[in-house]
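Computed from heavy atoms alone, side chains included, the values below leave out hydrogens, waters and symmetry copies. Computed from a predicted model, the values in this text were never measured in an experiment. Every chain is numbered from 1, with letters handed out A, B, ... down the list of sequences.
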Amino acid sequence: MPEIQSASGDAQLADESFRTIGKTYVDQPRMTASQVNVYYGDKQAICDVSLGIARNEVIAMIGPSGCGKSTFLRCLNRMNDTIAGCRVSGTIRLDQQDIYDKRLDVVPLRARVGMVFQKPNPFPKSIYDNVAYGPRIHGLARKGVELDEVVETSLRRAGLWTEVKDRLAAPGTGLSGGQQQRLCIARTIAVSPEVILMDEPCSALDPIATARIEELLVELRKNYTIAVVTHSMQQAARISQRTAYFHLGHLIEVGETTRIFTNPQHKLTEDYITGRFG
Amino acid sequence: MNERQQAVYATVQASLRRRYARERRFRALGLGAVILGLSFVLLLFTDIISKGYSAFVQTYITLPVYFDPQVIDPNEQRDPAQLARADYRQLVRAPLRALFPEVKNRRAKRQLYRLLSTGATYQIRAMVLADPGLIGQTRQIALLADDDVDMITKGHVDQATAEERFGADYRSWLQQLTRQGRLHTRWNIEFFTAGDSREPELAGIGGAMAGSFYTLLVTLLLSCPIGIAAAIYLEEFAPRNRFTDLIEVNINNLAAVPSIVFGLLGLAIFINLFGLPRSAPLVGGLVLTLMTLPTVIIASRAALQAVPPSIREAALGIGASRTQTVFHHVLPLALPGMLTGTIIGMAQALGETAPLLMIGMVAFIVDVPNSPLDPSSALPVQVYLWADSPERAFVERTSAAIMVLLAFLISMNACAVALRRRFERRW
Ligand SMILES: Nc1ncnc2c1ncn2[C@@H]1O[C@H](COP(=O)(O)OP(=O)(O)OP(=O)(O)O)[C@@H](O)[C@H]1O
Ligand SMILES: [Mg+2]
């Protein structure tokens, strides 16, 4: 596997080319994407993106709206399979396993690589059933006390327990937007995935709930690998170890979060971070 | 306001009157269309109800019937076979003769006996068979009147016509019976339980309702699971390729095929090829299944499409398989829509006549069917049959049968609407 794919250095500072700047591959990769291209019909949404995600790190993906962050994230657990006309090329590995291998079963893959979606999408069932659904279908906990425990821990970790503990039988769709998003997070972590993909998990949350989610991410990092799409650069700076900047389907720059925010190499990255556009 | 804002304001004001006028015109047009439609429906309903409501009561003549042992059971055996065979006509004729002793000649007597329906003798016979203890007693019994008496009593035949057709005696008999309080009408329960008959006063829709029930049962049991399974497969599992496109086009085409074609198909395949019995609700149900399947499939697919993709994503995203996603999340949400579609399909099937004519469900069948294999007719076919009969009394029965059919249709559609209301969801 190639270690460093693209050139870096000051020579490219003013270059507007879309070649990735920074170290795309990591030493202890959990997931590795190489030369990934994604097409929606004829339209190319992701161009030649290579990116490694290290064990126990939080990687933030930033970039202007429509640049393909969600699309790339959805490739990592093959959620794009469900979209008619969406084609993915290149290879993506989870540990050493090619997840786009024809023989690979997506069901266990998605149990290992969980996802929280941009729009909260609780099931129109009770709060309890929302969280219990994953453990139930995977047979992770026995019905009764064991399952109750999984539900409670998941809700606690998502910072929702105190608000809903008295109405676990109420429908999940009856919660507020922010509560729904935390319910979705609880639902995802109830399955104990190895990698968690989060698509703007805090976009509908107030600062307190956001802080709670961020705490959760910091804590989850000890055991999990997390990729977060976010529009908040402060959030990216607070929670992530590395940051990837996307632009029009290209991965423009990737590196240590502190480095990206203090010393961006690419003009586009710099413009975005300093708020000149995006 | 500055000058420019004032100019804008003036322009808006000027255009406002025209805009409102257009809006009023459009609203009046829409209201007119609705009123026109409603008045046609109202016209139809008033016509049917005014013609048909009187069929729900029936005229009876109360006479003192002497259960003469000499006639019923001369050798006093109380043998049921003998009781069933006795000549009960005499029992109902005797009180008539007694009531009108002045009637002497044979023709006039025959005329007199025709005041009562042939059903009156069956009535007496059934009473005796049920309770042989009646033999030897005299009872006041309301006997079923002939349909002509019924029509005159209900005022559907005016006095002049009646006199012209049945003679002056007939009229005076009826007047005398009325004076004595022997002529009266009561709730016609037999209309709902009896099978068809050549005698209007004996004809009921019981057989047709049972036929329709069995037909619809077969249709429901087949079209609901097949239609929903097909819709789920096409919507959730089938690959999108030319073959499934072809299937889709064909399903939509099938929905537009005239129903009589399905009848011909049923005749050729189910009856001639598979040798299933003619006139049977089973075959009717099979044919109507063919007819309603497209409706059910199309409605079910629409219901599945209406389930937001985010629900599917949520389930798939935590590792549910495709089948689990469909059966745990999508289907429960789509089911009310599917059932609504199925009920509407069933309502269509209930009112369908043409294909049933082709498979012989138009035959004259007196017995109420007991299984989907017994020959029978169906409600709309019964309407068709009676509408063809010349007797005045069948006119009201036709309308009454239509009322019953409409009542079923309306309640089924109301069910569909209620179901839709009840399970309407916001996401
Ligand atoms: N299902 C789809 N079909 C066709 N095109 C799509 C589809 N989903 C996304 N796209 C296109 O792919 C590109 C990337 O979209 P994507 O949703 O990944 O953007 P994003 O970076 O997540 O934006 P945002 O920050 O607004 O969520 C966009 O140009 C979008 O129009
Ligand atoms: Mg997005």
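The distance from atom CD1 of B/I297 to atom CD1 of B/I251, rounded to the nearest 0.5 Å, is 4.0 Å.
Residues B/E23 and B/R19 are not paired through a salt bridge, judged by the lack of any N-O separation under 4.0 Å between the basic side chain and the carboxylate. Salt-bridge formation is not detected for the pair B/D245/B/R242: no Lys NZ or Arg NE/NH1/NH2 atom is positioned less than 4.0 Å from an Asp or Glu carboxylate oxygen. Using a cut-off of 4.0 Å between Lys/Arg side-chain N and Asp/Glu carboxylate O, A/D95 and A/R112 are scored as salt-bridged.
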Item to check | Criterion side-chain hydrogen bond (donor to acceptor under 3.5 Å, both in side chains) on A/Y40 and A/T71, from CA distance to verdict | outcome: CA-CA 10 Å; A/Y40 290 114; A/T71 304; 3.0 Å; yes
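Using a 4.5 Å cut-off between non-hydrogen atoms, the part of residues 176-195 of chain A that approaches chain B consists of A/R187, A/T188, A/V191. Heavy-atom proximity under 4.5 angstrom to chain A picks out B/E313, B/A314, B/A315, B/L316, B/G317, B/I318, B/G319, B/A320, B/S321, B/Q324 from residues 312-326 of chain B. Within residues 130-146 of chain A, the residues having any heavy atom less than 4.5 Å from a heavy atom of chain B are, in residue-number order, A/Y133, A/G134, A/I137, A/H138.
Note: A/R74 leads A/R74, A/K119, A/M115, A/R78 in heavy-atom pairs under 4.5 Å with chain B.
Sequence neighbours left out, not one pair with a member in residues 222-231 of chain A passes salt bridge (charged side-chain N to carboxylate O under 4.0 Å, His left out).
Using a distance-only test at 3.5 Å, with no hydrogens or angles considered, a donor-acceptor pair links the side chain of A/N121 to the main chain of B/S310. Side-chain N or O atoms of A/R221 include none that pairs as donor or acceptor with a backbone N or O of A/E57 at under 3.5 Å. Looking only at distances, no side-chain donor or acceptor of B/T215 sits under 3.5 Å from a matching main-chain atom of B/G284.
With contacts defined as side-chain heavy-atom distances shorter than 4.5 Å, the pair B/M209/B/V404 qualifies. Using a 4.5 Å heavy-atom cutoff, the side chains of B/F262 and B/L254 are in contact.
Between B/Y233 and B/F237, the angle of the ring planes stays under 30°, which puts this pair in the parallel group of the 30/60° scheme.
For A/T91 and A/D98, the side-chain atoms include no donor-acceptor pair closer than 3.5 Å.
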